[in-house]
Structures are given as structure tokens and as C-alpha cells.
Amino acid sequence: MTRRKLIAGNWKMNGDLAALAELDGIAAAAAANPGVDVAIAAPATLIAAAAGRGPDLAIGAQDVHAADKGAHTGCISAAMIREAGARFSIVGHSERRADQHESDAEVKAKAETLHRYGLNAILCVGETLEQRDAGQAKAVVTGQLAGSLPDGAGAAWLSVAYEPVWAIGTGRTPTVADVAAMHGAIRAKLRALIGEEADAVRLLYGGSVTGDNAMDLLGAGDVDGALVGGASLTAAKFVPIITAAAIIPA
Ligand code: PEP
């Protein structure tokens, strides 16, 4: 099964209109590497300005509300991000699971809403260091996957990002063997949940990916791309990850 590589950046609560200049270099790298899908999850305030920076660069959101509309002060709907130009959203990022106490059920509902609005989803799962040290990493991650996988999950619109919480923003990464083992476990769980469709779903690794470690991490078994935080904020740091993905055979 051939799966196109996806390199997605997550700007989190960073960036302003001036920072959008970085997207020009990223869009140029996307155009120069047609075998790789490139995306940036922008802060909600920048989606409209960022969308359309280049046809090969998909702009998305970092979160979305599960409801269509209504009394949810401070939240943003799928229709709103779509109208602003988003093509996808991240759901279930560990920072939201921790800071906003998002449950698996909420994450699942958000992903299903994205699908109803014709938007793609990047669904994040990952264990804490405590859970890894206790030997619970696989059980936690596959449990999150089972709980937050949307009904009707399909490879055309859903990717899964494995992001060990302890590797996010820390400069620490799991070994390549650990990443391959976890991605294998995620793939197996997906097969149990959605059958053959699982083989087409892209599995991204996220957590301190840089231009220096991208070749190794992207080359691990069952890794179909990366979700990148800090190193996605500038073209100088993000483009080497895109070019690494282009070199690795699908
Ligand atoms: C992330 O937050 O999704 C992430 C992977 O961050 P970083 O690359 O900075 O570790």
C-alpha cells in the first residue's frame, strides 16, 4: 500500500500577519516536492490570510467545536474555519486534552463534524512519560485511538498523529524502533477497528521533529509523515523536513 507523505506544521499560539511571510518559502517547497503533501495548522486569526498562499500548501485549524453553531463563547465551528479557507483541522492535540480536558468522546465528535463539513482531520494520540515508564504506552495510545476514532473513518480525510506527550517541545524523541513499534500497534488497532481501510490511513509521528532527525524518524516503519510544532514556524527549519520526506520512498 503506497501512502503519500504528509508533513504538517502546527503553529500553536504563535504567529502574526508578519509571520505569514514564512509561508511563501514553505509553499515554494511544497510546489517543488509534489510527492509530499504539506500543511500548516494556523492560529484561527491567521487562517483567512494564510489560505491561498499557494495551491500546494493546505492551511488548516488547530481545533474546532463539534457543534454546528450556537452558544459556545470563544469557540469556532467547522463552517467558520471552512469559510476562512481551512481544509483540515487537528483534533485531540495533547495540549488540548490536558489544558481543556478534552475527552476521547469530544475528540471523536469533532472529527465527525469536520467530515460532515468536507474537511480533513489530523487526530492526535500519545502517552505521557509516566504512562510510558509504567509500561502502559501501547495500551494508552490504542485506547485513545479506539475512543476518539470517528465513525466512518476513512483514509481520504483522516490521518492519525502519534505524539508522545514527553517528546513535544522537549527536544527528546523516542528511538526509531520505538516509533516503528508504536506505529505498528496503531496500524494493527486501526485494522481491528476499520478493516482494510486502515492500510491507507496515514500515520504521522510528532514530537521534536527537526531537519536533523527527520530522515531517521520518517524512515521508520509505518511512518507516513510528521506533525511538527516548533520547527514549522520558519521556512528555514520546516523546508528541510519537507525535503527529507521527499527523499524517503513511499
Ligand atoms: C506538536 O505540538 O504537535 C509538536 C509535535 O511540537 P514539537 O514539534 O515542537 O515537539
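As the structure lists them, so they are numbered: ligands from 1, and atoms in each ligand from 1.
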Would you say Leu227 and Val201 are hydrophobically clustered, going by side-chain heavy atoms of ILVMFWY under 4.5 Å?
no
Please state whether the rings of His183 and Tyr162 are parallel, tilted or perpendicular, taking 30° and 60° as the class boundaries.
perpendicular
What pairs meet the salt bridge (Lys or Arg N to Asp or Glu O under 4.0 Å) rule with one or both residues in residues 188-198, with sequence neighbours excluded?
Arg191-Asp199
I'd like to know whether ligand 1 has Ala161 as a neighbour, heavy-atom separation below 4.0 Å.
no
Go through ligand 1 atom by atom and flag the ones less than 4.0 Å from a non-hydrogen atom of Gly169.
7 (P), 9 (O), 10 (O)
Taking atom CE of Met215 as the centre, report whether more than 12 heavy atoms of other residues, nucleotides or ligands fall under 6.0 Å from it.
yes
Heavy-atom donor-acceptor pair, Glu22 side chain to Ala235 backbone, under 3.5 Å
yes
Atom 4 (C) of ligand 1 sits nearest the protein heavy atom Gly229 N, 3.5 Å
Got a sec, which hydrophobics cluster with Ile168, joining ILVMFWY side chains under 4.5 Å apart, including via others?
none
Considering residues, nucleotides and ligands other than Glu130, do more than 12 of their heavy atoms fall under 6.0 Å from its CD?
no
In ligand 1, which numbered atoms sit nearer than 4.0 Å to a non-hydrogen atom of Ala167?
10 (O)
At a 4.0 Å threshold, what atoms of ligand 1 neighbour a non-hydrogen atom of Gly207?
5 (C), 10 (O)
Can you tell me which residue and heavy atom of the protein come closest to atom 9 (O) of ligand 1, and the distance to 0.1 Å?
Gly230 N, 2.8 Å
At a 4.0 Å cut-off, with the gap strictly under it, does some heavy atom of Ala231 reach an atom of ligand 1?
no
How does Asn10 reach ligand 1, if at all, at less than 4.0 Å between non-hydrogen atoms: by side chain, backbone, both, or neither?
side chain
Identity and distance of the protein heavy atom lying nearest atom 5 (C) of ligand 1
Glu163 OE2, 3.0 Å
among protein heavy atoms, the one nearest atom 2 (O) of ligand 1 is Lys12 NZ, 2.5 Å
Identity and separation of the nearest protein heavy atom to atom 1 (C) of ligand 1:
His93 NE2, 3.3 Å
Taking atom types as modelled, find out whether Glu106 and His101 have a side-chain donor-acceptor pair closer than 3.5 angstrom.
no
